[in-house]
Amino acid sequence: MPRRAAGPSTLAIHGDAAARAVHDPVAPPIVQSSTFISAPGSADEVLYTRYGNNPNQQRVAERLARLEGAEAAIFVASGMGATALAHLAVLNPGDHLLSSEWIYGGTRRLFTEEFRRFGIEVSFADPDRRREWRSKLRKTTRAIFVETPTNPLMRVLDLDWLGVLAEGEGIALLVDSTFATPINFRPLAHGADIVIHSATKYLNGHSDVIAGAVAGAATVVEEVRERMKLWGQALDPHAAWLIERGLKTLAVRMERHNRTGLAVATWLEAQPKVRRVHYPGLPSHPDHALAARLLDGGGGMVGLELAGGARAAERCLRALRLVAHAPSLGGVESLVSEPRFTSHAALSPEERAAAGIPDGFLRLSLGLEDADDLMDDLARGLAAA
Ligand SMILES: Cc1ncc(COP(=O)(O)O)c(C=O)c1O
């Protein structure tokens with residue numbers, strides 16, 4: 001029989017199924033140990049959980065590497081930790097980073113406040129203006145960073161184009177793929193060198209862990225590991241175990257997020273009190289054609305503008321009974337937040353409006369509840385708006 005690569009559900013559940021032996025536990029144990037016994041007089045690798053070589057840390061990293069089609073992967077203590085360490089692995093003082101303007105607010109602050117303290121120059125480009133990317137490259141540019149799909153407008157970036165640009169310049173392309181997960185998009189197959197995740201979101205999927213991940217070439221992941229050891233960013237074994245458990249259902253969860261996302265976005269677009277819905281699966285979305293080419297699903301994130309603005313949004317939020325008002329995303333339970341108080345709080349109202357996020361903008365993370373129940377709840381919210 002011809003050998004066919006295993007699909008994502010099988011990879012996430014089994015990793016390398018051939019490696020298992022009789023009497024192995026079907027569910028892995030949690031190795032809740034900070035340190036491991038080593039042989040006296042031996043120069044063999046020292047096992048220590050801060051080094052990222054605890055069995056739970058290694059198992060979950062191996063699963064993500066397979067899912068992303070990467071040589072290697074590593075999990076760290078948060079998504080912010082993953083973003084910071086991935087950049088520190090490829091940038092040095094005096095280097096320049098060119099970032100997309102459309103990024104998570106915390107990442108923006110990391111670049112503008114922290115990286116600049118370390119002598120790493122950062123500038124920002126508008127993804128809609130291709131010429132800007134070329135004109136903002138410097139002799140010292142060593143990396144490009146983008147997020148796709150973006151938060152909260154769900155814009156989809158043409159990674160193939162950016163991949164060619166980065167390769168032509170000999171610089172690294174880093175992609176935060178938190179919203180897509182490897183089920184909907186695999187950046188390394190489109191020219192990215194390094195994939196970053198907030199594993200707090202879909203990878204774990206149950207709103208009970210803070211974690212991050214980096215996937216890419218083994219040499220880059222080793223650099224991240226060295227930085228992780230020294231900056232103390234290792235993931236706790238129990239959190240690693242929870243993420244491995246979460247990953248086993250990633251493919252089925254994303255299938256459902258994709259279905260519910262499209263159904264709810266389509267329904268919302270037909271509601272009279274809704275001014276605009278941002279969802280890449282809708283023909284009205286500016287990147288609909290690109291999303292159809294690049295993504296295997298639109299995901300569970302929906303941006304929503306109400307006709308009545310900020311006051312209407314607040315009335316809507318107060319009336320909801322099922323969708324919880326909380327930051328974060330990607331869990332089994334539906335959440336809603338206002339970017340002006342969370343991810344984009346650092347921007348002024350004018351800056352947010354210019355970025356297409358007027359006050360009253362709602363960001364929905366649709367969970368795995370029945371879509372009809374979510375629409376009933378949102379109808380209650382809209383009636384109050
Ligand atoms: C796209 C994206 N990247 C990174 C992060 C940071 O992740 P964490 O909260 O796990 O540090 C977030 C958090 O909301 C995010 O939305």
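Here the structure is a predicted model, which means the values were calculated and not measured. Atoms within a ligand are numbered from 1 in the order they appear, just like the ligands themselves. One-based numbering along the sequence shown. These values consider heavy atoms only, across backbone and side chains, with no hydrogens, waters or symmetry-generated copies.
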Undergrad: Between Arg227 and Leu85, what is the shortest heavy-atom contact and its length?
TA: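 Looking at all heavy atoms of both residues, the shortest contact is CB-CD2, 3.7 Å.
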Undergrad: Only pairs under 3.5 Å count here: list side-chain donor-acceptor contacts from residues 189-204, not counting sequence neighbours, and write none if there are none.
TA:
from, atom 1, to, atom 2, distance (Å)
His190, ND1, Asp160, OD1, 2.9
Asp193, OD2, Leu173, N, 2.8
His197, NE2, Glu68, OE2, 2.6
Ser198, OG, Thr200, OG1, 3.4
Thr200, OG1, Ala211, N, 3.0
Thr200, OG1, Ala211, O, 3.1
Lys201, NZ, Ser328, OG, 3.1
Asn204, ND2, Asp208, OD1, 2.8

Undergrad: Would you confirm whether the ring centroid of His344 sits within less than 6.0 angstrom of the ring centroid of Tyr104?
TA: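 No, they do not, as the ring centres are separated by 6.0 Å or more.
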Undergrad: Note down each nitrogen or oxygen pair, ligand 1 side and protein side, whose separation is under 3.5 Å; give only atom names and the distance to 0.1 Å.
TA:
from, atom 1, to, atom 2, distance (Å)
ligand 1, 3 (N), Asp176, OD2, 2.7
ligand 1, 7 (O), Ser198, OG, 3.0
ligand 1, 10 (O), Gly79, N, 2.9
ligand 1, 10 (O), Ser198, OG, 2.8
ligand 1, 10 (O), Thr200, OG1, 2.6
ligand 1, 11 (O), Gly79, N, 3.0
ligand 1, 11 (O), Met80, N, 2.8
ligand 1, 14 (O), Lys201, NZ, 3.0

Undergrad: Any luck finding a side-chain donor-acceptor pair between Glu305 and His278 under 3.5 Å?
TA: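 Indeed, the side chains of Glu305 and His278 share at least one donor-acceptor pair under 3.5 Å.
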Undergrad: Quick one: ring-ring contact (aromatic ring centres under 6.0 Å, His included) partners of Phe115, sequence neighbours excluded?
TA: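 Phe115 satisfies ring-ring contact (aromatic ring centres under 6.0 Å, His included) with His87, Phe111 once adjacent residues are dropped.
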Undergrad: What salt bridge (charged side-chain N to carboxylate O under 4.0 Å, His left out) pairs are there with at least one residue in residues 342-360, not counting sequence neighbours?
TA: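 Pairs touching residues 342-360 that pass the test: Arg352-Asp359.
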